[in-house]
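Each chain gets a letter, A, B and so on, in the order its sequence line appears, and its residues count up from 1.
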Amino acid sequence: MENTTPRRPHLYLVDGSAYIFRAYHRLPPLTNPAGTPVGAVFGYTTMLWKLAEDLHKADGPTHLAVILDKSGKSFRNDIFPAYKANRPPAPEDLVPQFPLIRDATRAFSLPLIEEAGLEADDMIASYARAAQAQGWDVTIVSSDKDLMQLVGDGPDGSRVDMLDTMKNQRIFLPEVAEKFGVAPELVGDVLALMGDAVDNVPGIRGIGPKTATKLIQEHGNLDNALAAAATMKPSKLRENLIEHADMARLSRVLVALKEDCTLPLPLDAFELGAIPPQPLAAFLGEHGFTSLLKRLDGGRGSPERATQLHPPKAVTAGNTPATGAARQDTAAMPAVDLAAYECVQSLEALDRWIERGFAARLVAFDTETSALDAIGADLVGISLSVGPNQSCYIPLGHRGSDMFAEKPDQIDRDEALHRLKPLLESDAVMKVGQNIKYDLNVMARFDITVSPIDDTMVISFDMDAGRSEEGIGGGHGMDELAQRHLGHTCIAFKDVCGTGKKQISFAEVPLERATHYAAEDADVTWRLHRLLKPRLSAEGASRIYERVDRPLVPVVAQMERYGIKVDRERLAGLSQQFAEAIAALEGEIHALAGNPFTIGSPKQLGEILFDQMGLKGGKKGKSGQYSTDQSVLEKLEAEGVPIARKVLEWRQLAKLRSTYTEALQAAISPVTGRVHTSYSLVGAQTGRLSSTEPNLQNIPIRTEIGRQIRDCFVAEPGNVLMAADYSQIELRLAAHMADVPALKEAFASGADIHAATAQELFGEVNRETRGRAKTINFAILYGISRWGLAPRLGVTSEEAQAMIDTYFARFPGIQRYIHETLSTVREKGYSETLFGRKCWFPRINSKNQAERQGSERAAINAPIQGTCADIIKRAMARMQPALAKAGLPHVRMLLQVHDELVFELPESDVEAAKAVIRAVMEEAAGPSVAISVPLGVEIGVGASWGAAH
DNA sequence: GCATTCACG
DNA sequence: GACGTACGTGAATGCA
């Protein structure tokens, strides 16, 4: 189909030199068949390909040219000899790639501009202005901040913008304003003040980006700012401004772009046509860029055709925008090739991989163990990956498939770990894992502290929490991520080890099969990291990842390793006691029913109560079964039905026994004698942690009988447990976020918040009004409805509605918060916490009312619950360093229960630790976020967790 | 494998 | 006019 409407010409100017440096540092060190390094060239080639693919898009190029820096000095060196003088020489494996960049450009048959004595920036500026003068749109493909001076709209509606292909981000006025705080015309003034270390532009000493922006904002431009120095109050800043004013003026000239260079080729020469396939195919073949070569063949001639075969996915809110772009990226990676993986069985081979790891500066890393328990399982092997298909498996603890099989050939485990340790601990090498907390704990047993780390699971969570579509899962497990982002189906664990009774340990898997599985995991992790990491900043998730979740990974890992001591004998005693009571109740219940039945079967119980005994109030759900839950039984009890009370008691004891007193004994690690939970960093969509195997976040406390279980969590001799709780944190955050004056005042004055609410709502405070106020306060946090509130207060829905109305009237702000939150979520598809954590609500605009309203209630709650999670996570990340600084290295943080932290510490440290813990927790939102109500923390100490409350 | 129930914040 | 009704979790149980 021909598009007959003439388009405004759109010129793309590719800043080739800048791209190469960035690509070199971000891409793996590939080599071509001749052994020449081509990592940066590959990145460059892929970028050109993608730009060519965009030809028919509305904002794609009609004209395109590549601008390269010609080596040598520019006119700026005549003005300032030291300009760019402190640049280190290009890395030696980058140097041979420079000429190949020219080759790549010619292979695409694209015009190439390089002029001696001028820098690429000047040439780009001159071409941009020339094009703009003709009414063309211009996109500068670069992220160089100097070029941001050019961004803006022309008088005739044409525009100049920038495209950062690494982040897949357009740069226009808002982005410039975000970076510099000023309009593009003033960017040069800001740069002149702050200078540029990379280009050796001097600027003014002591002035960085923040101060430079502030000065220009305040005084309007550089000259005014320099002139105003004389009238400033005495300070180091004033001195510097006066003393180095000349340096600033010189810098201003250096950062100015020369916009009137002679143009070596006319603009019309840059018109983009179909790309001749032949020279391109030859180039791709020569350098082994087979994935692109295949697409060239598949598209029968040119990247332009390839695009038509694979139309990019439309991007809308609530959709998964990056998926389309990600799919295109993956095409640049070779397909997963199991045959490419190496099984490392000699120390020489291991050393080669360790060397490759250091050279790559980024290694995907995965451990295989004999069971799914990082604290107790044995290490069976380690896999590493330094690039697509560049992956190996190092078997260390395989046993052979049965007692008669020969033990496979493996290098000595301890020697291998000894050699791997420097790589895994090197600050210069990023270790990437999928749920790397697990691997951190495995390696900790061998005294290896893996650092620094990235986690693809957490990265995915921080961008995509809650983001699931029909037919597309929203999880963050590796198999799911591989499927979603790479279109790749991983070897299933059950295909390697089987399931159920026939399941074998990974230690028994033959090496070839184990290598395929394990090396693939590392390979896929590497690929996922390559795709997902750049999306973090592009999608505004860097802050939450870098500042909250990533620092938390080693902290939570340490908590899991500590575990907590439980008193086995005491648990066993309780279990016995409960068992006897259950047996007695069982007899009574059967007697009351008239015949024995399975009390634990809600189906049978419902039939006994409502059919056999003929009680009223039986309501069947959609499964056609009577509901027999607590509220139903309590209602019956109030009506004087004795069996209801007995069943409630039976249920409570059965629950406590099976879920707690029995399960906790079974959870005691034979290795450490303690209970080690596993926290999930991606368990709750709101950003909360979750706890499994066993869940230590739902240990009973609300009833006296359940409380006894908390008393079974104890400290080691000479130590105590300390529990530190945020008091009413969610309500405090709601008061702050919704800006409710009455609630804020109540918190500031330390009042009983539910009593204060009762006073406002009912005019008097007594047990009943306070209880109702408490219920309503919670209802607010959860997204209130008259129908939900009414049964909880035992009133009609009309009465409930009246109370909600009074609440909104007495606490102005709440209704506005709800309204504003919902409209942003409807528009953007996600909610955000005070720290920028996103939570997606793909069903917020659903036509199904129940589904939509459910999303609405969750969306009202998510920013509050999520901000609370962010705050305690920040406290957790700061806790150990703060304790160490205070000389309290023996205080160990063991548990987190959403708004509570549990510590174990020597008795002698109690008072000092209290002060540190309280300070860290109360100040955890700052300095980046100021909460307008105090965050209260209550601390208790005791020999057991129960006693510490 | 799903529904029900109930433990926690 | 019916729907299911508070937010977020995980574990145990019974049953198809």
Side-chain angles (χ1 to χ4, degrees), chain A residues 465-466 597-606 619-633 647-648 650-664 666-667 677-680 682-703 705-707 709-710 725-731 734 775-793 797 800 804 831 839 841 848-866 868-869 872 895-901 945:
Chain A
F597 66 100
T598 309
I599 305 169
S601 163
K603 185 170 183 284
Q604 291 185 34
L605 178 64
K619 267 205 209 102
K620 290 187 177 179
K622 61 177 169 190
S623 60
Q625 203 178 302
Y626 292 113
S627 171
T628 65
D629 69 16
Q630 207 161 32
S631 66
V632 172
L633 293 178
V647 171
L648 282 168
W650 183 94
R651 281 223 181 122
Q652 181 186 26
L653 292 169
K655 176 85 173 182
L656 294 178
R657 192 174 122 90
S658 66
T659 311
Y660 301 103
T661 56
E662 287 297 304
L664 280 173
T677 185
S678 170
Y679 287 103
S680 171
V682 302
Q685 310 299 332
T686 52
R688 274 190 178 179
L689 303 184
S690 71
S691 159
T692 60
E693 287 182 298
N695 181 353
L696 295 186
Q697 290 183 321
N698 70 346
I699 302 302
I701 191 168
R702 291 174 185 171
T703 66
I705 191 158
R707 235 169 204 242
I709 291 162
R710 275 200 184 213
D725 285 57
Y726 281 111
S727 160
Q728 309 286 1
I729 187 170
E730 293 200 355
L731 209 48
T775 301
I776 299 172
N777 275 332
F778 277 108
I780 293 295
L781 300 177
Y782 298 151
I784 199 163
S785 90
R786 58 196 299 204
W787 311 105
L789 184 59
R792 284 176 173 73
L793 290 176
S797 67
I804 293 168
S831 68
C839 187
F841 294 92
N848 177 326
Q849 188 181 231
E851 203 172 58
R852 185 178 67 248
Q853 289 178 340
S855 292
E856 286 173 354
R857 292 191 297 270
I860 290 165
N861 179 251
I864 300 169
Q865 190 182 115
C868 172
I872 197 167
L895 302 177
Q896 188 252 43
V897 193
H898 311 309
D899 63 359
E900 172 185 8
L901 295 173
W945 193 5

Q) Of the non-hydrogen atoms in A:Glu900 and A:Ile872, which two are nearest, and what is the gap between them? A)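 Minimum heavy-atom contact is N-CD1, 3.7 Å.
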
Q | Heavy-atom pair with the smallest gap, counting every atom of A:Ala779 and A:Leu789 | A | CB-CD1, 4.0 Å

What interatomic distance, in whole Å, is found between [atom1] of [M] and the corresponding atom of [N]?
{"N": "C:dC3", "M": "B:dA7", "atom1": "C1'", "value": "29 Å"}
{"N": "B:dA3", "M": "C:dG4", "atom1": "P", "value": "13 Å"}
{"N": "B:dC6", "M": "C:dA2", "atom1": "P", "value": "29 Å"}
{"N": "C:dT5", "M": "B:dG9", "atom1": "P", "value": "23 Å"}

Any side-chain N or O of [X] below 4.0 angstrom from OP1/OP2 of [N]?
{"X": "A:Thr686", "N": "C:dC7", "result": "no"}
{"X": "A:Thr659", "N": "C:dG10", "result": "no"}
{"X": "A:Gln630", "N": "B:dT4", "result": "no"}

Q: Tell which nucleotide pairs with C:dC3, taking only Watson-Crick or G-U wobble pairs whose two distances are both under 3.5 angstrom.
A: none

(Q) Under 3.5 Å for both donor-acceptor distances, Watson-Crick or wobble: does B:dT4 have a partner, and if so which one? (A) C:dA12

Whole-Å gap separating [atom2] ([N]) and [atom1] ([X]):
{"X": "A:Ile599", "N": "B:dT5", "atom1": "CD1", "atom2": "P", "result": "15 Å"}
{"X": "A:Ile729", "N": "C:dC7", "atom1": "CD1", "atom2": "C1'", "result": "16 Å"}
{"X": "A:Glu662", "N": "C:dT13", "atom1": "CD", "atom2": "C1'", "result": "15 Å"}
{"X": "A:Phe597", "N": "C:dG14", "atom1": "CZ", "atom2": "P", "result": "13 Å"}
{"X": "A:Ile864", "N": "B:dG9", "atom1": "CD1", "atom2": "P", "result": "18 Å"}

Q: Confirm from the modelled atom types if A:Gln853 and C:dG4 form a donor-acceptor pair under 3.5 Å, side chain to base only.
A: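 Between C:dG4 and A:Gln853, which were checked side chain against base, a qualifying N/O pair under 3.5 Å is present.
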
Q) Would you say the side chain of A:Arg702 and the base of B:dA7 hold a donor-acceptor pair, judged only by whether the two atoms sit under 3.5 Å apart? A) no

If you check the [X] side chain, which of [options] turns out closest?
{"X": "A:Leu656", "options": "C:dG14, C:dA6, B:dA7", "value": "B:dA7"}
{"X": "A:Trp787", "options": "C:dT5, C:dC15, B:dC8", "value": "C:dT5"}
{"X": "A:Pro700", "options": "C:dG10, B:dA7, C:dC7", "value": "B:dA7"}
{"X": "A:His898", "options": "B:dG9, B:dT4, C:dA12", "value": "B:dG9"}
{"X": "A:Ala684", "options": "C:dT9, C:dA11, B:dC8", "value": "C:dT9"}

Classify the nucleic acid contact of [X] as base, sugar-phosphate or nothing, counting any heavy atom under 4.0 Å across all strands shown.
{"X": "A:Arg857", "value": "sugar-phosphate"}
{"X": "A:Thr775", "value": "base"}
{"X": "A:Asn695", "value": "sugar-phosphate"}
{"X": "A:Glu730", "value": "nothing"}
{"X": "A:Ser691", "value": "sugar-phosphate"}
{"X": "A:Ile701", "value": "sugar-phosphate"}
{"X": "A:Ser690", "value": "sugar-phosphate"}
{"X": "A:Ile784", "value": "nothing"}
{"X": "A:Ala850", "value": "nothing"}
{"X": "A:Arg651", "value": "sugar-phosphate"}

Q: May I have the step-by-step check of side-chain contact (heavy atoms from CB on, under 4.5 Å) for A:Leu664 and A:Ile709, ending in yes or no?
A: CA-CA 10 Å; A:Leu664 280 173; A:Ile709 291 162; 4.2 Å; yes

(Q) Rounded to the nearest 0.5 Å, what separates atom CG in A:Leu793 from atom CD1 in A:Ile776? (A)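 Answer for the CG-CD1 pair, A:Leu793 versus A:Ile776, is 5.5 Å.
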
Q | Inter-residue atom distance A:Leu656.CG - A:Ile699.CD1, 0.5 Å rounding | A |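 Output value for this atom pair is 10.5 Å.
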
Q: Identify, between A:Ala654 and A:Leu781, the residue whose nearest nucleotide on DNA chain C lies closer to the 5' end.
A: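 Upstream on the strand: A:Leu781.
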
